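Quick note: residue numbers are just sequence positions, from 1. Quick caveat: nothing in here was measured; it's all calculated off a predicted structure.
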Amino acid sequence: MSDIENKIIILPYSIGVRDLAEKLEASPIEVIKVLMANGVMASINQSVDFDTAAVVASELGFEPELEKIEEEKPKDVGEVPLWRKMIEDEDEADLELRPPVVTMLGHVDHGKTSLLDAIRETNVAGGEEGGITQGIGAYQVEHHGRKITFLDTPGHAAFTSMRARGAQGADIVVLVVAADDGVMPQTKEAANHAKAARVPIVVALNKMDLPSANPELVKKQLAEIELVPDEWEGDTMVVPVSATKKQGLDDLMEAILLIADNKEIKANPDGDVLGTVVEAELDRFRGVMATLLLQNGTIELGDTILAGKAHGRIKAMFDYRGNRIEKAGPSTPIAVMGLNDVPHAGDLFRVVESEKEARAIVDDIESGEETKSSVPKVSLEDLFERLQAGETQELRLIVKADVQGSLEPIVNSLKELGEKQKDVSILILHQETGNITESDVMLAAASEAIVIGFAVEADNAAKRLAEAEGVSVRQYTIIYRLIEDIERALKGMLEPELVEKTIGKANVLATFTVSKFKVAAGCRVIDGEIRRNGKIRVIRNNNEIFTGEIGSLKRGKDDVREVREGFECGIALKQFHDFKEGDLLECFVIEEKAF
């Protein structure tokens, strides 16, 4: 019996040829030969699915079994939204089921908009009249007498932006994947954003009407990004649909409602009013128009609301069809008039007693008595202190690298490092090749994560957002330094990261001799300031020819500490005297990284 048990081998849904060989205690060449004999051409670095790996295992004397995926308790990624905390504090007896709020994410051109339109049009044919496309950005459909609210958001950037402001983008995410195109980089990114938000995912396998559709291949790709189809004993519902043919829409609605039933999405219609701003604009005829989504309570015409810093008494209220209404309950999308300013998408709103109270709260916000964001920030430098204080037990990372060959060893090394730690785990929210983008930073802001880049750049939009949101972005060119920094941070030994900051520029107008061997430069400061304690980079014909310390800085005959833009000065460097007219001098300082 022990011999039979020893022959059983557990295999995952997808496995690399090299890893398969190790599991079977065979050489990779031997495995490749068996694959070739069965008509499968695969290299040592390629992956094969379970069925193919099972054939190889059987021929080598093993009894293959499919790995069962244990359901893990969802990880708390980022702070729980304020409205969800409020509902948790409500008396269970007062809670009622509410319609699920759904948003669609996915790769560009995979049919998100077409699918939303198909669902809307089908519902209109079923009896709902007119005015649905009022630009409200959210609408409701009815399926077998039950309502579902759809957020018509631009994508996962907007979805994550809501989380970054403490809101929740949706109860359920429909990940749209084209059956002919499969899992693409933006699909993976959207899936990671949904996972980070702890929102259940339904996959809509779109474009099933096309001759090139290959659903089995797409399911394999989904399994590789940890979205294992339920028919493969996973926990992800994969629904075949066609937006153009309007096929599979009822099945998709059923899947959404099934998940909603499992989640028991509830609210208290008589409780405190709280919700999220979906979008807002300044209408030239009607003033500020804000689309709101209620998450708890009931809102009525004439209520005074506070949304971010915008506030006002509701003068008019419309449903998603453009009809005037007097009140609305949980999960209802509405458009309101009456705010004094345009709030941000993702701002939380609530009902207050009066505009006087609203103004007082706004004054508190502006004077710094309330925090800028509901999501606390983290950096590697302060990680150890937060661990010691018990504020966190998890380091969340977003990893970007130049090529797959760099990304895989970095991710594997980080996971190994996390397994060695007793008090803290390492969770990689998103891993991808390519430069650091605004979307990466937004995900980090919403999830209390740190962005790690290897041999990549951060684009300007990402840098600006990181500075504004307080997100730590760290870039490396040597893998072992990256891993070493993470390890040192976990042990509280990481020194602050130093960065170079350009503070001023000056043009060389003339040169003059100050001693037998020294030449100084007569300059005009054209940007920022030149500081005596800074360093100077000499640039000639767009080429850097020297970098070093300032020997002296003078205004006229006086030694000075700094010279600002528009003024002239004399600059002498300690180890460079070969100035020429037209040289550009850049002054910079070394300081601790701000984010």
Side-chain angles (χ1 to χ4, degrees), residues 14 16-19 42-47 106-108 155-157 160 181-193 195-196 221 224-226 378-381 383 395-418 426-447 449-467 469 471-490 494 497-502 542 544 593-595:
S14 176
V17 171
R18 187 195 301 275
D19 294 336
S43 69
I44 192 171
N45 294 318
Q46 285 182 304
S47 295
H107 190 73
V108 66
H156 57 260
T160 308
D181 210 8
V183 172
M184 303 295 283
Q186 207 173 354
T187 315
K188 297 177 186 176
E189 196 172 345
N192 286 333
H193 282 237
K195 289 176 191 173
Q221 293 172 339
E224 288 173 353
I225 62 169
E226 299 178 3
V378 65
S379 68
L380 276 186
E381 285 78 10
L383 176 66
L395 173 59
R396 301 171 191 128
L397 300 174
I398 288 148
V399 183
K400 300 297 289 283
D402 54 344
V403 293
Q404 197 68 30
S406 302
L407 185 64
E408 287 181 4
I410 290 171
V411 169
N412 290 338
S413 297
L414 289 171
K415 286 180 178 177
E416 287 174 11
L417 181 60
I426 294 176
L427 175 62
I428 298 174
L429 295 178
H430 180 58
Q431 59 189 66
E432 193 63 76
T433 56
N435 285 338
I436 297 165
T437 66
E438 197 172 8
S439 179
D440 299 321
V441 175
M442 184 59 74
L443 177 56
S447 307
I450 293 168
V451 182
I452 301 292
F454 176 78
V456 293
E457 298 295 325
D459 62 37
N460 290 331
K463 289 177 182 176
R464 286 193 297 268
L465 184 62
E467 192 164 1
E469 294 288 342
V471 171
S472 178
V473 179
R474 301 182 69 94
Q475 292 161 270
Y476 297 88
T477 54
I478 302 172
I479 291 179
Y480 83 82
R481 289 194 187 279
L482 185 161
I483 305 302
E484 188 180 65
D485 271 7
I486 300 294
E487 187 172 19
R488 289 168 67 86
L490 295 174
L494 183 67
E497 185 178 4
L498 300 179
V499 293
E500 181 183 294
K501 180 181 179 182
T502 300
N542 295 320
E544 181 182 325
K593 195 167 186 177
F595 59 85

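A 4.5 Å side-chain heavy-atom check between Gln475 and Val451 finds every atom pair outside the cut-off.
Considering OG1 of Thr477 and CG of Leu482, their distance stands at 10.0 Å, rounded to 0.5 Å. Here the CD1-CZ distance, from Ile486 to Arg481, works out to 14.5 Å after rounding to the nearest 0.5 Å. We find the OG-CD distance between Ser413 and Glu487 to be 11.0 Å, quoted to the nearest 0.5 Å. The structure places CD1 of Ile436 at 12.0 Å from CZ of Arg474, a figure rounded to the nearest 0.5 Å. Considering OG of Ser447 and CG of Leu429, their distance stands at 5.0 Å, rounded to 0.5 Å.
In this structure a side-chain-to-backbone donor-acceptor pair under 3.5 Å is present from Gln221 to Val183.
Here Glu544 pairs with Arg537 under the salt bridge (Lys or Arg N to Asp or Glu O under 4.0 Å) rule; sequence neighbours left out.
Leu417 and Ile483 get closest at one heavy-atom pair: CD2-O, 4.0 Å. Residues Ile225 and Ala191 approach most closely at CD1-CB, 4.4 Å, considering heavy atoms.
Between Asn192 and the choices Glu226, His430, Gln431, the side chain to side chain contact (heavy atoms under 4.5 Å, CB included) rule is met once, by His430.
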Taking distance alone, no hydrogens or angles, what donor-acceptor pairs closer than 3.5 Å link side-chain atoms of residues 454-461 to residues at least two apart or in another chain?
| unit_1 | atom_1 | unit_2 | atom_2 | d |
| --- | --- | --- | --- | --- |
| Asp459 | OD1 | Ala461 | N | 3.3 |
| Asp459 | OD1 | Ala462 | N | 2.7 |

Please list every donor-acceptor pair under 3.5 Å in which a side-chain atom of residues 397-410 meets a protein atom from a residue at least two apart or in another chain.
| unit_1 | atom_1 | unit_2 | atom_2 | d |
| --- | --- | --- | --- | --- |
| Lys400 | NZ | Asn435 | O | 2.8 |
| Lys400 | NZ | Asp440 | OD2 | 2.7 |
| Asp402 | OD1 | Ser406 | OG | 3.0 |

